[in-house]
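This report refers to the structure that appears directly beneath it.
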Amino acid sequence: MQTHARTRRTATTTAAPRRHSMAVTTGVPVVGGIAYGIYAGLLDHSTGSSSIHAFLLGLIATAVTVVLGLALMHVQDRMITEVRALAYGVLFGATMGFLYSLAETSTALKASGFGALFGAIMLVVALYLFRTHGSPGTRR
């Protein structure tokens with residue numbers, strides 16, 4: 001009888017298994033950062049920059065995006081829902097604003113507005129997803 005009670009108690013108090021593995025938390029920012037850096041380099045090269053300048057810009061954009069994405073994925077489980085959604089919105093808005101700034105006809109004000117608009121959209125979408133689907137490490 002005690003064995004059954006002990007088993008039942010431990011079954012309800014054990015932590016839910018994590019839904020995403022370590023490969024997902026490192027793979028998504030790395031692949032996304034590489035794609036972002038390639039696109040930033042191609043966009044810069046198409047506006048008239050030299051190949052070396054475009055390559056270096058793409059390399060730096062890749063490194064910064066990967067590091068920020070990995071940092072966000074690493075600490076997102078310790079954030080409350082609103083702060084996590086805000087962090088995703090800020091990262092997405094900053095990256096989109098930077099890409100928009102690489103366009104020839106862009107000004108700093110236009111790029112900032114574009115980044116703020118896309119950041120606000122990502123904030124709303126991330127907040128909706130986190131509230132309806134729960135935290136990444138929890139089970140529904």
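This chain uses plain numbering: 1 for the first residue, then up along the sequence. Here the structure is a predicted model, which is why all the values come from computation and not from measurement. Below, all heavy atoms of this structure are taken into account, side chains as well, without hydrogens, waters or symmetry copies.
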Residues in side chain to side chain contact (heavy atoms under 4.5 Å, CB included) contact with Ser46, at least two apart in sequence or another chain: Leu43

Show which side-chain atoms of residues 117-130 pair as donor or acceptor with protein atoms under 3.5 Å away, not counting sequence neighbours.
none

With Leu72 via side chain to side chain contact (heavy atoms under 4.5 Å, CB included) - residues at least two apart: Met79, Ala87, Tyr88, Leu91

Results of side chain to side chain donor-acceptor pair (under 3.5 Å) for Ser49 - residues two or more places apart only: Asp44

task: Quick one: name the residues clustered hydrophobically with Leu70, using the 4.5 Å side-chain heavy-atom rule over I, L, V, M, F, W, Y, and just say none if it's on its own.
output: Val30, Ile34, Ile38, Leu42, Val66

task: Output all residues satisfying ring pair (Phe, Tyr, Trp, His ring centres under 6.0 Å) with Tyr36, sequence neighbours left out; order by chain, then residue number.
output: none

field: Taking every non-hydrogen atom, the tightest pair across Ala61 and Ala40
entry: CB-CB, 4.2 Å

query: Same hydrophobic cluster for Leu57 and Val67, using side-chain heavy-atom links shorter than 4.5 Å among ILVMFWY?
result: no

field: Under the ring pair (Phe, Tyr, Trp, His ring centres under 6.0 Å) test, residues paired with Tyr100 that sit two or more places apart
entry: Phe114

field: ring-ring contact (aromatic ring centres under 6.0 Å, His included): pairs with one or both residues in residues 41-86, sequence neighbours excluded
entry: none

field: With sequence neighbours excluded, residues passing side chain to side chain contact (heavy atoms under 4.5 Å, CB included) with Ile80
entry: Glu82, Val83

- prompt: Heavy atoms, side chains only, cut-off 4.5 Å: are Thr95 and Leu68 in contact?
  reply: no

